[in-house]
Number of protein chains: 4
Amino acid sequence: MTDSMTTRPPGRPRSERAEKAIVDATLELLAEETGVAGVSIEAVATRAGVGKTTIYRRWPNKEALIVGALATAKAPVPPPVGASAREDLLMVARALAAGRRGPHGRCFHSLLGSAEKYPELFARYRQDVIEPRREMMRAALRLGIERGELRPDLDLDVTLAMLIGAFGMPASQEALPPDYPERVVDALLRGIAL
Amino acid sequence: MTDSMTTRPPGRPRSERAEKAIVDATLELLAEETGVAGVSIEAVATRAGVGKTTIYRRWPNKEALIVGALATAKAPVPPPVGASAREDLLMVARALAAGRRGPHGRCFHSLLGSAEKYPELFARYRQDVIEPRREMMRAALRLGIERGELRPDLDLDVTLAMLIGAFGMPASQEALPPDYPERVVDALLRGIAL
Amino acid sequence: MTDSMTTRPPGRPRSERAEKAIVDATLELLAEETGVAGVSIEAVATRAGVGKTTIYRRWPNKEALIVGALATAKAPVPPPVGASAREDLLMVARALAAGRRGPHGRCFHSLLGSAEKYPELFARYRQDVIEPRREMMRAALRLGIERGELRPDLDLDVTLAMLIGAFGMPASQEALPPDYPERVVDALLRGIAL
Amino acid sequence: MTDSMTTRPPGRPRSERAEKAIVDATLELLAEETGVAGVSIEAVATRAGVGKTTIYRRWPNKEALIVGALATAKAPVPPPVGASAREDLLMVARALAAGRRGPHGRCFHSLLGSAEKYPELFARYRQDVIEPRREMMRAALRLGIERGELRPDLDLDVTLAMLIGAFGMPASQEALPPDYPERVVDALLRGIAL
DNA sequence: CTTTAATCGAGACGGTACGTCTGGTCTTTAA
DNA sequence: TTAAAGACCAGACGTACCGTCTCGATTAAAG
C-alpha cells in the first residue's frame, strides 16, 4: 500500500519523446553508416533533434547508447503456424530473405564487424535479438518432427545454421532471386546425396 | 645498354622491409580492430615503425592499402582430390571451420560490416579471395555429380551458400565442436525430410 | 483606497530568504572565484540552495544578477568633513586606493567589459554605485571652492575624471606605493606647468 | 656557423598564411560582433578557413588569441614633436580620445576583465601595446621639462596616470565633448589649487 | 474550507562553445 | 628519391553553462 514505488523523483521528468527519437536515430545511423564507428553522438543528436546533453544524461558514452538502442529494438517474434513443415520453413526463409535489406540486416553486419572490439555489445545483441528468432525457427523444426514430416534424428543446430547462413553469406550485396527461398528449403529437405 | 631493364631508378631504393611491415600491420589491425574504419593509417604507420609518408608513397589511400594488403594475403587454393564426395566436402568443411579463427575469418566480418561504405573494396576482396575458394568448392560438388555420388539436379549455388553459411553464421564467436564439420556435411547430404 | 498601494498581488509572495541567499552566494563567488567568469548561475543556485528559476524570476541574466548583487552591497558614502580641501581629497584618494582591491574593484573592469553587451545594466550600476561616489567627491571639490582653497573656475568633471582615473588605469594589478594618494593629490593641486 | 641560429626544426613549418588568416578573422569578429564575447574560436576557425587545431597550436585559449591578435595590430606610435609642451600633450590627449572608439578601446575593458584570469597575457599586452604608448607620453613630458615649460620636479608616473585615466574612466560609453582634451590638458597644467 | 494563483525546489530540455584528440593529407629537411 | 617529422583542415569527443520548460509541493488571499 505504500506509495513508495510510485513516488516520482523531483524535477522535470525525462521526455519519452526524446528518448525514443534518440534510440530511433541511433538505429537508423547504425543501419546506414559503417558500423559502430560510423555512429557519432553528434549525428544522433542532430537527427533526433535533441541536445547532446540529453543523450549523455541517459547513456554515459557511445557504446552504452548503441547497446541500449539495440536492446530496445527487439521486435516480437511471430510463431510458426503453417499447414506443413515445408510451409513453415518457407515462411522463415522468406522472412530471412526480406530481412536482409531491412534495418536489422544492415545492423547485423555492422555489429558483426564491430563484435571483436565491443564484445559485450554484440553478446547483448545476440541475446536480445538473434536468439529469439533462432528459437522461433527451432520451434518450427520441432513441430515438423512431431508431425512426422521431418527426421526425428535431425541435427537442429546444424540445420538452423545452414538455413540462416544460406541467406547471410552468399554475397551480402546483390538482390536474391525471388525463388531463392524455395530453392533453399528444397535443398535442405531433400539433401544432396543421390 | 643491355642492363636497361635492370637500371635502378635514381635515389634511395624503396625498403622491402618497410613494405612488408606495412602489409603485416594492416592485416593485423584489420583482424583486431573494428572493421575498415578501425584501421587508420596512423595506427598502421606506428605499428609498422614507419612514417605515414612511406605508406602514402605506395598506396594512394586507405582503401587501396587494405585491398593491396588483402590481395597479398590470398593463400593458394588446394584442389579437391578426395576419395569420395563426402571426403571432399569434409575437407572443405574442415577448412572453413579452421579459417573462422584465422586472420581471414576475422577480416571477413570486418569487411562485411564495411561493405556498404566501401563497395569496390569488398567487390575486389570477393573477386580475389572469396570467389577462388567458392570455385574450388563448386568443383568438388561437380566432381561428386560426375562420380554419381551427388544428385545431378543439385542446386549448386544454394548448396554452396548453405555449406559456407553454416560456418559463418552460427555465432561468429564461440568455438565450434570438433565434430561440427561432419554434422554439417551429413545433414547436407541426407536432407532433413523423413 | 488607502491600501491600494499596498495591495498584495495574488499567489505566493516571493521569498526574501531566497533573495538574500542568492545575493550572498553571488557576492561570495565573486570574491572567491576568478572574477565574473567564475560566477555561474548554476553555482549560485547550488550554493544558495535555490532553484535556477528563482534566480531568473528576479534577474534576466547573469550580468544583471552580478550588477544587482553589487548594487545591494553598496556601502554608504561618507561625507567630506576634513579640515581642508587637501585633507578631503586625500581621504577620497585613499578610499579609491583601498577600493581597488575590494570586491567592487575586482569586478569593475569585468563589468565594464560586459557593458557593451548590456548597456542598461551598466547604466544602472553607474547610477546606483558610481554616481553617488562621484557626487560625494564633487561635493568635496565644491566645499574647497567655497572655502577659497580651490580655483573658482575649476573644471569639476575633468578634475574628477583625473582623480578617479589616476587610480583605475595605471596598471590594474600591482599594488600602489603607499604614498601614491598623496602624490596624486599634490600633482592635482599644484598642476604641472612651471 | 652563422646558420646555427636559423636551423629549422624538422617537419612542416607553420603556415604564415594560416596565422595571418586567423589574426585577421579574429580582428574582424572583434570589430563586428559584440566585443570579446562575440568572438568564438569556432567562428574564427570557420572564417579563417582553418582547423581549430591550427589555432590552439599557437594560442592556448581564446583570451590569448585575442590578446595576440591585438598585439599584432599595434599601430606605430608617433613621436611628440609639437611646438610646445601644451601642443604635445594636446596631441596625446586627442589620440586618447580618438582611441576610445577604435578596436583597441572597445576591447580594452574586456581584456582588463580577463586579466585576472590570465595575468601573463595581460602583462604581455601591457608590455607590447600599452607601454610603448606610455613611453611616448613620458617622452613628451620630459621634453616639456627640458624646454623649461614644465616643472622639473614633475611626478611623471602620476601625471601620466591622471592624463590617461581621464580618458578611460569617466563613462566608457558616451561620446566625449569635443573640447574635452583641451580641458584635461589645461586642468593638468594649471592645477586646481588657487 | 476550498479554490486560485504565483512561488518554491529540482532538474530535464535544446543549444553553443569549450579545449582535446584522432584521422587522412601535405610540406618541409636530412640522409 | 626516400624517410621522418610535424603542420594542415576537419570534425567527434565529453564537459560546462546558458536561459527555458515542466514538474509536484507550498503558501497566501479570496470566495
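Computed from a predicted structure; not experimentally measured. Letters A, B, ... are given to chains in the order of the sequence lines, protein chains preceding strands, and every chain is numbered from 1.
With F/dC8, E/dA5, F/dG14 as the candidates, the nucleotide lying closest to the side chain of D/Ser15 is F/dC8. You'll find that the side chain of A/Pro13 is closest to F/dC23, out of F/dT15, F/dC17, F/dC23. Here F/dC8 is the nucleotide among F/dC8, F/dC18, E/dA17 with the atom lying nearest to any side-chain atom of D/Arg57. Across E/dG19, E/dG9, E/dC8, the shortest atom-to-atom separation from the side chain of D/Glu42 is found for E/dG19.
B/Gly51 comes within 4.0 angstrom of the backbone, heavy atoms only, and of no base. Across all strands, A/Lys52 comes closer than 4.0 Å to base atoms (heavy-atom distances).
In this structure, the NZ atom of D/Lys62 is 8 Å from the P atom of E/dG19, given to the nearest Å. The nearest whole Å value for the distance from the CG atom in A/Asn61 to the C1' atom in F/dA12 is 14 Å. At whole-Å resolution of the value, CD1 in A/Ile55 and P in E/dG15 are 12 Å apart. Counting to the nearest Å, the C1' atom of F/dC17 and the CZ atom of C/Arg47 are 17 Å from each other. Taking atom CH2 on D/Trp59 and atom C1' on E/dC18, their separation rounds to 18 Å, with Å as the unit. Remark: C1' of F/dT26 and CZ of C/Arg17 are 14 Å apart, rounded to the nearest angstrom. A/Ile41 places its CD1 atom 14 Å from the P atom of E/dG14, with the value rounded to the nearest Å. When the P atom of E/dA17 is taken as reference, atom CG of D/Leu65 falls 15 Å away, rounded to whole Å.
The NZ atom of D/Lys52 sits 13.0 Å away from atom CD1 of D/Ile22, with the distance rounded to the nearest 0.5 Å. Taking CG of C/Leu65 as the reference point, atom CD1 of C/Ile41 lies at 5.0 Å (rounded to 0.5 Å). Here the straight-line distance linking atom CZ of A/Arg58 with atom OG of A/Ser15 works out to 6.5 Å at 0.5 Å rounding.
Judged by distance alone, with hydrogens and angles left aside, A/Arg12 brings a side-chain donor or acceptor within reach of the base of F/dC21, the pair sitting under 3.5 Å.
C/Arg58 has a side-chain polar atom (N or O) that falls below the 4.0 Å cut-off from OP1 or OP2 of E/dC8. Residue D/Thr53 has no polar side-chain atom (N or O) positioned under 4.0 Å from OP1 or OP2 of F/dC9. Side-chain N/O atoms of A/Thr54 include none lying less than 4.0 angstrom from OP1 or OP2 on E/dA12.
Between B/Tyr56 and C/Pro10, the residue anchored nearer the 5' end of DNA chain E, judged by the nucleotide with its closest heavy atom, is C/Pro10. Between B/Val50 and C/Pro60, the one whose closest nucleotide on DNA chain F sits nearer the 5' end is B/Val50.
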Taking it one step at a time, do D/Thr72 and D/Leu27 satisfy side chain to side chain contact (heavy atoms under 4.5 Å, CB included)? CA-CA 10 Å; D/Thr72 303; D/Leu27 293 175; 5.8 Å; no
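Looking only at distances, a side-chain donor or acceptor of A/Lys62 sits under 3.5 Å from a matching main-chain atom of A/Val39.
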